[in-house]
Structures are given as C-alpha cells and as structure tokens.
2 protein chains.
Amino acid sequence: MKATYSISELAEEFGITTRTIRFYEEKGYLTPKRNGTRRIYSPADRTSLRLILRGKRLGLTLDETADMIKMYGSPSGNQKQLEKFIVRIGEKRSELEQKRRDLEVMLSDLQSVEKKCHVALAEVAGRE
Amino acid sequence: MKATYSISELAEEFGITTRTIRFYEEKGYLTPKRNGTRRIYSPADRTSLRLILRGKRLGLTLDETADMIKMYGSPSGNQKQLEKFIVRIGEKRSELEQKRRDLEVMLSDLQSVEKKCHVALAEVAGRE
DNA sequence: TATTACGTTTACGTTAACGTAAAGTAAATA
DNA sequence: TATTTACTTTACGTTAACGTAAACGTAATA
C-alpha cells in the first residue's frame with residue numbers, strides 16, 4: 001500500500017483526467033498536501049476520490065456525495081443532533097433504496113430482452 | 001386506466017414541470033399526438049416518460065436511457081445483428097451491475113453509521 | 001546542457017438538462 | 001361577454017462538471 005500518490009497516478013488508476021482531480025480540489029472536495037508546488041495525495045485522499053467517483057456513477061451530484069462522505073465520520077453531538085442525523089440517514093437510505101429498485105427492474109427487463117434474443121437466434125439458426 | 005393524459009397531468013403525477021416534458025419531446029424522446037395544438041399523451045407515452053425518469057434517477061443521460069428503451073423492442077435482424085445486440089446487452093448489464101455493487105456498499109456504509117448513531121444515543125441517554 | 005516528462009496556474013469554452021419570461025391562443029366558466 | 005384556466009411557441013439564461021489551451025516551472029535524462 002503506497003503512502004503517497006501523484007496526481008497522474010491517481011488519474012490513471014481511476015481512469016479520469018488530472019483536470020478532473022484539480023476540479024474536485026477547486027470545489028473543496030479534496031485537499032491534498034503539497035511538496036513545493038506539487039500535489040501529494042495520501043491514501044485518505046485516494047479514498048475520498050474513490051467515494052466521489054462512486055457517487056458519480058450513481059448519479060449523485062458532487063455536493064450530495066460530499067454530504068455522504070461527511071456522514072461517514074463518527075457521529076457526535078447531543079441527543080437532538082443525533083436524532084436529526086438519524087433522520088437524515090433514513091432519508092438518504094430511502095433514496096438509495098429507490099435507486100436499487102430501479103436497478104432491479106432495469107436488470108430484469110434487460111434479462112428478458114436477452115432471452116428473447118436467444119430465442120430469435122435459435123429461430124434463425126433453425127432455418128438454415 | 002386512463003386512455004389519454006394532458007401535459008400537466010403527467011407533470012403532476014411524476015413531480016416534474018411541463019417544461020421538462022416539452023424538453024424531452026424537443027429532443028425526440030417523446031412524440032405525443034396532438035389535438036389541434038394541444039399535446040395528447042397515450043399510456044405508451046406515459047410509460048416512456050416513466051422509463052426516462054427511471055434512467056435519470058440512476059444517473060443515465062437521456063441518450064443512454066433512450067438507447068435502453070430502444071432495446072426493449074422485440075429483437076429482430078439476422079444472426080450477426082442479433083449477436084451484436086446480445087453483446088450490447090451484456091455491456092449494459094455489467095454497467096448496471098457495477099452500479100448495484102456501488103449501491104450495496106453505500107447502503108451498508110450508511111447502515112453502519114446508523115448503528116454508531118444509536119450507540120452514541122444510548123451513551124447520551126445513559127448519562128442523564 | 002538541451003530536451004523530455006511531469007507538474008503548475010489562469011482563464012475561457014462546452015454540453016446536458018432544464019429554468020424563466022414574454023407573448024399569444026382557445027376553451028370553459030362567472 | 002369578460003375573464004380565468006390551461007396550453008402553446010420562441011428565445012434567452014443558468015448550473016454542474018468538466019475540456020482545452022496557453023504560458024510557465026522544475027527535475028530527470030539523453
């Protein structure tokens with residue numbers, strides 16, 4: 001497990017451009033250390049980046065993803081704050097569960113189309 | 001089951017604006033009939049809209065979703081076309097399965113945070 | 001030592017997916 | 001008949017998430 005990463009290493013690993021990584025920093029979603037003028041990324045930075053890209057794949061905005069990343073910190077605060085926080089978690093969860101339902105439907109639709117395809121293929125093959 | 005819908009009926013049902021629906025038509029993703037100048041939506045149009053919004057929730061672009069909708073038609077063509085089509089379906093499926101894995105991870109992360117919250121709550125409650 | 005590789009900042013450009021506003025039509029209702 | 005109510009077209013505006021290009025710095029290599 002490497003201790004630090006350059007910007008182009010991360011860009012290559014995740015299949016994105018360095019511009020994208022700098023953009024995330026510009027917007028405050030990443031805060032790498034510097035060696036002189038060069039950016040130095042820690043494993044924690046790398047993890048943040050991974051989470052950002054995961055959120056992106058699921059159609060979350062950067063703000064939404066940043067919100068989720070914040071949630072991952074260990075929960076603190078008084079009773080009221082904790083209770084509010086639990087409510088927020090519940091809201092996020094139902095969003096994600098909706099997405100999961102959408103996914104299941106799409107996947108099963110795809111599967112049924114694939115079956116039809118194989119039937120049609122057998123049709124064609126049977127005619128030669 | 002209604003036979004036709006007005007634009008505002010659909011907008012209200014799906015929680016979007018009429019502008020959004022007109023935009024989808026402008027881009028060719030919907031093609032309602034007309035009664036004079038008024039748009040008349042069939043149940044099939046409504047289904048298309050539902051699929052578009054489902055894709056949107058999952059972070060698909062309109063083009064990607066339109067592609068998927070096209071796939072849902074009954075498959076036709078010669079052997080080569082069918083085989084190519086099956087490959088495309090497989091690609092789409094692995095995309096969606098990646099999304100599903102992402103979702104599962106996020107959901108389980110959320111759940112573990114929620115547990116921590118309840119522990120913290122018990123802590124606080126035990127102190128009064 | 002020249003040049004290649006990798007990095008930097010600054011700044012304007014682009015695209016998708018709508019928002020918003022203006023100005024008009026057409027049917028239903030007071 | 002006057003006025004809502006619902007709908008229309010046209011057109012410019014906005015935001016997120018980067019792309020692209022210019023001009024420059026620095027460190028390793030030929």
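Each chain gets a letter, A, B and so on, in the order its sequence line appears, and its residues count up from 1. Since this is a predicted model, take the numbers as computed values, not measurements.
Applying the 4.0 Å criterion to OP1 and OP2 of C/dG19, one finds that B/Thr20 has a side-chain N or O inside that range. Not one side-chain nitrogen or oxygen of B/Thr37 sits closer than 4.0 Å to the OP1 or OP2 atom of D/dT9.
In the hydrophobic clustering of this structure, A/Leu30 groups with A/Met68; members are Ile, Leu, Val, Met, Phe, Trp, Tyr whose side-chain heavy atoms approach within less than 4.5 Å, directly or through other members.
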For the pair B/Arg88 and B/Asp67, evaluate side chain to side chain contact (heavy atoms under 4.5 Å, CB included) and give the outcome as yes or no after the intermediate values. CA-CA 10 Å; B/Arg88 276 189 59 210; B/Asp67 255 43; 3.1 Å; yes
Before giving the answer on side chain to side chain contact (heavy atoms under 4.5 Å, CB included), spell out for B/Lys115 and B/His118 the whole-Å C-alpha distance, their side-chain angles and the decisive distance to 0.1 Å. CA-CA 5 Å; B/Lys115 274 185 189 170; B/His118 284 296; 5.8 Å; no
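B/Ser48 and B/Asp45 form no side-chain donor-acceptor contact under 3.5 Å, judged by distance and modelled atom types alone.
A/Thr17 comes within 4.0 angstrom of the backbone, heavy atoms only, and of no base.
The environment of B/Lys80 atom NZ is sparse: at most 12 non-hydrogen atoms of other residues, nucleotides or ligands sit within 6.0 angstrom. In the displayed structure, A/Glu83 atom CD is contacted under 6.0 Å by more than 12 heavy atoms of other residues, nucleotides or ligands.
Under the rule for a side-chain contact (heavy atoms from CB on, under 4.5 Å), the partners of A/Glu64 that lie at least two apart in sequence or sit in another chain are A/Leu60, A/Thr61, A/Lys92. For the side-chain contact (heavy atoms from CB on, under 4.5 Å) test, residues two or more places apart in sequence or in another chain that qualify with A/Arg22 are A/Ile7, A/Thr18, A/Arg39. Annotation: side-chain contact (heavy atoms from CB on, under 4.5 Å) contacts of A/Glu26 (sequence neighbours excluded): A/Arg19.
Looking at A/Arg38, its side chain has no donor and acceptor atom pair within 3.5 Å of the base of C/dG7. You won't find any donor-acceptor pair under 3.5 Å spanning the side chain of B/Arg39 and the base of D/dT8, going by distance alone.
Annotation: proximity of residues 7-16 of chain B to DNA chain D (heavy atom, distance under 4.0 Å) is found for B/Ile7, B/Ser8, numbered in ascending order. Of the residues in residues 22-36 of chain B, those lying under 4.0 Å from DNA chain D by heavy-atom distance are B/Arg22, B/Arg34. Within residues 41-65 of chain A, the residues having any heavy atom under 4.0 Å from DNA chain D are, by residue number, A/Lys56, A/Thr61, A/Leu62.
With rounding to whole Å, A/Arg19 atom CZ is found 16 Å from C/dG7 atom P.
Electrostatic pairing of A/Glu104 and B/Arg100 counts as a salt bridge here, judged by a charged N lying under 4.0 Å from a carboxylate O.
Residue B/Asp102 forms a salt bridge (Lys or Arg N to Asp or Glu O under 4.0 Å) with just one option from A/Arg57, A/Lys99, A/Lys56, A/Arg50, and that option is A/Arg57.
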